[in-house]
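Below you'll find the structure, written out as structure tokens, and then a few comments.
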Amino acid sequence: MNESTLWHPVAASASIVADVPLPVRLLSQDFALWRDASGTARAFPDRCPHRGTRLSLGRVLHGEAGSRLECPYHGWQFDATGQCRHIPALPAFTPPATHAVCTHEIQERHGLVWLRLQAADTTLPAFDAEVDPRLRKLLCGPYEVQSSAPRIVENFLDLAHFGFVHDGWLGDRGHATLADYRIEATPQGFIAHGCTAWQPQSNRLSTQGSEVEYRYELTGPYSAQLTKVPQAQAGYQDVIGLFVCPVDPERSRVWFRLAVTDFDSDDAQLRAFQDTIFQQDQPVLESQSPKRLPLSLGPGHGGEVHCAADRSSAAYRRFLTDRGITFGVC
Ligand code: FES
Ligand code: CO
């Protein structure tokens, strides 16, 4: 599988504001995002075809002829299709078709802007909770991480670190034993059933710790979600989506999409909690060596050693191997 044929999140929708292009980076390439007057997001390569200047340093103009992105260097104007329509130094000149930038496929979903660099029949990673009206949606991030996207996904799927990295928050080092769980393959990845963890506060109304059951699902090479399996009496079903942008092989941007039952806390409170949890993960993630995820097994192959609690991560590495993923792995 070529990573260019996948949809990748590159920015929060709310971060493309009127008249100011936004620079983003995906798969080691730079793009300028902007919005036309109709509100439609556009993605150009972040490089003017005239003299190679970054278009994201320019500005967005809205006029009778439509919206245009203006290069900061000589003011060439590109319309929403990428065609240059105006060269200020030669106002009477009609720029030919060669004076254009290519445009990239773009869509907005789950509070994020998604790009696909190469046409294909791929779909966005599933996040069905988005359309559940009983759940409140909130985007957390971006978190800029000096590590590969696969290391971040693997960390998200990993339960055995809760009692150590998130001691007192998501786990307890005195309750580190993991129950056995099983992996079920799906067309887009796999589901890990029967994962349980000891949570110091299992939901926002509880006052003591208990075992909580989670369902983890890999929804694509760089995305996953976890569902808190409802407890009979409480009916809680919080879902958290993980969406990672593979910026460079060893650099990533991370968002969490919350779809939760908590309608009482304000946005800042919910974000502060996710920020705290991720700030606990980040130094551990950035310390891992190599930063790319080793797909080969065993120490003799430059790989890493596993135990039975790592079933999810072994399944993830097999999945990446089977799909031929090369970006962010070694
Ligand atoms: Fe963009 Fe000259 S470099 S207009
Ligand atoms: Co963690």
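Counting begins at 1 with the first residue of the sequence. Start at 1 and go down the list; that is how both ligands and their atoms are numbered. Note that the structure is a prediction, hence the values are computed from the model and not measured.
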Vertex the Co ion (ligand 2), rays to NE2 in His161 and NE2 in His166 - rounded to 10°: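 NE2 of His161, the Co ion (ligand 2) and NE2 of His166 span an angle of about 100°.
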Between Val239 and Leu124, is there a shared hydrophobic cluster once you connect ILVMFWY residues whose side-chain heavy atoms come closer than 4.5 Å? yes
Of all N/O/S atoms in Asp281, the name of the one nearest the Co ion (ligand 2):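 Nearest to the Co ion (ligand 2) within Asp281's N, O and S set: OD1.
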Distance (rounded to the nearest 0.5 Å) between Phe127 CZ and Arg257 CZ: 7.0 Å
N/O/S of Asp158 less than 2.8 Å from the Co ion (ligand 2)?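 It does not: Asp158 brings no N, O or S atom closer than 2.8 Å to the Co ion (ligand 2).
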Under 4.0 Å between a side-chain nitrogen and a carboxylate oxygen: does that hold for Arg54 and Asp46? yes
Given atoms SG of Cys71 and SG of Cys48, what angle do they subtend at atom 1 (Fe) of ligand 1, to the nearest 10 degrees?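 Taking atom 1 (Fe) of ligand 1 as the apex, I get 110° for this pair.
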Minimum-distance N/O/S atom that His50 presents toward atom 2 (Fe) of ligand 1: ND1
Restricting to N/O/S, name the atom of His74 that gets closest to atom 2 (Fe) of ligand 1.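 Going by distance to atom 2 (Fe) of ligand 1, the closest N, O or S atom in His74 is ND1.
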Would you find more than 12 non-hydrogen atoms of other residues, nucleotides or ligands less than 6.0 Å from Asp19 atom CG?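 Count over threshold, so yes.
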Please check if the number of heavy atoms outside Phe278 that lie under 6.0 Å from its CZ is greater than 12.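 Yes, the 6.0 Å shell around CZ holds more than 12 heavy atoms from other groups.
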Report, in ascending order of atom number, the atoms of ligand 1 lying under 4.0 Å from any heavy atom of Arg51.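 Heavy-atom distances to Arg51 below 4.0 Å select 3 (S).
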Tyr73, portion touching ligand 1 at heavy-atom distance under 4.0 Å: side chain
Check Phe256, Tyr143, Trp114 against Phe243 for a ring pair (Phe, Tyr, Trp, His ring centres under 6.0 Å) and give me the one that passes.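 Only one option passes, and that is Trp114.
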